[in-house]
Amino acid sequence: GDPARAHLDTVIASIDAALGAANQAREAALPACRRAIRAAGSSIRAVHGLDAARAAGLASECEAAIREAQDLLAPFPALAQAGYLHDAEKEFVEAVAVAALVSGEQVPGPDELRVSPTAWMRGLSEAASELRRRDERPIAHDERDTFRPAGRHVGQRQRVHEAPRRGLTAMADEIRLHVAGQRLLP
């Protein structure tokens, strides 16, 4: 046969195989990112419900899905930067940060969470906004009893409601202003 044609066929087959592998990675990473986002949202709701064990379990599920997506996309940097992994990482950071901020613990940094600095900053900003919305919500006196869990979490719920709201709101504003100053917010 024609050597020029054989060369083209080889190049095309190689590109086709690479594109096929990238497509398979994308198709597997998308559901992992969706699982991560779902678990992150559920984790945040569990934090608000003062179910620390459930929140931690869901944050672990979220992290496992993030790691799966990161591993799948590692050979394909262009796909890793396509946006859906970044969004999932941001939601993971938000879930971890909300839990840490509500419990008064240190928020792990981007290296500890193994996410991009931009996803970390955006997730932290979202956590600040989440806390601001939560802390500005009016709480009726009888609602405290509705939300107070039984057993060892009773004091935890009371501490959250009795914490100075202005402190968390001010911190949320400070975080949002800092992140906005970094030009990371839309």
Side-chain angles (χ1 to χ4, degrees), residues 1-48 53-101 105-133 172 174-186:
D2 181 7
R5 175 62 188 210
H7 173 71
L8 283 177
D9 289 345
T10 302
V11 171
I12 290 169
S14 173
I15 291 170
D16 190 47
L19 290 174
N23 189 54
Q24 284 181 326
R26 183 181 62 80
E27 290 300 313
L30 280 169
C33 289
R34 286 188 200 109
R35 284 194 316 274
I37 290 168
R38 231 180 353 263
S42 295
S43 178
I44 291 167
R45 285 188 292 282
V47 168
H48 292 319
R54 179 161 168 70
L58 288 161
S60 291
E61 283 180 34
C62 178
E63 182 173 17
I66 292 285
R67 300 299 168 238
E68 178 184 341
Q70 288 171 331
D71 290 345
L72 287 164
L73 297 176
F76 309 100
L79 291 179
Q81 300 301 317
Y84 49 91
L85 177 59
H86 173 86
D87 290 344
E89 288 177 342
K90 175 188 64 121
E91 296 296 324
F92 171 54
V93 171
E94 180 183 358
V96 170
V98 165
L101 292 168
E105 296 174 6
Q106 185 173 342
V107 177
D111 291 339
E112 295 168 90
L113 295 178
R114 295 174 33 207
V115 298
S116 74
T118 304
W120 187 85
M121 290 290 282
R122 286 184 169 162
L124 183 62
S125 178
E126 293 290 327
S129 295
E130 182 72 25
L131 290 177
R132 186 171 190 29
R133 282 189 299 276
E174 184 178 324
I175 291 168
R176 294 250 337 138
L177 284 172
H178 179 76
V179 173
Q182 300 298 316
R183 300 182 191 274
L184 297 174
L185 294 178

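Since we're looking at a predicted model, the values are computed, not measured.
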Is [X] reaching over with its side chain to a backbone N or O of [Y], donor-acceptor style, under 3.5 angstrom?
| X | Y | result |
| --- | --- | --- |
| Trp120 | Pro108 | yes |
| Ser14 | Thr10 | no |
| Glu91 | Ala88 | no |
| Ser125 | Met121 | no |
| Arg67 | Arg114 | yes |

Return the [atom1] to [atom2] distance between [X] and [Y], rounded to the nearest 0.5 Å.
| X | Y | atom1 | atom2 | answer |
| --- | --- | --- | --- | --- |
| Ser42 | Arg45 | OG | CZ | 4.0 Å |
| Thr118 | Glu89 | OG1 | CD | 10.0 Å |
| Arg5 | Ile12 | CZ | CD1 | 7.0 Å |
| Ile66 | Ile37 | CD1 | CD1 | 7.5 Å |
| Arg26 | Leu73 | CZ | CG | 10.0 Å |
| Cys33 | His86 | SG | NE2 | 11.5 Å |

task: Answer whether the closest heavy-atom distance between the side chains of Tyr84 and Leu79 falls below 4.5 Å.
output: yes

Student check: side-chain heavy atoms of Glu61 and Arg38 closer than 4.5 Å: no

Any idea which heavy atoms bring [X] and [Y] closest together, and the distance?
| X | Y | result |
| --- | --- | --- |
| His48 | Val98 | CE1-CG1, 4.5 Å |
| Ala127 | Glu94 | N-CG, 3.7 Å |
| Val115 | Val93 | CG2-CG2, 3.7 Å |
| Gly109 | Glu112 | N-OE2, 2.7 Å |
| Ala119 | Ser116 | N-OG, 3.0 Å |
| Pro117 | Pro110 | CA-CB, 4.2 Å |

message: Can you confirm whether more than 12 heavy atoms, excluding those of Gln106, are under 6.0 Å from its CD atom?
response: no

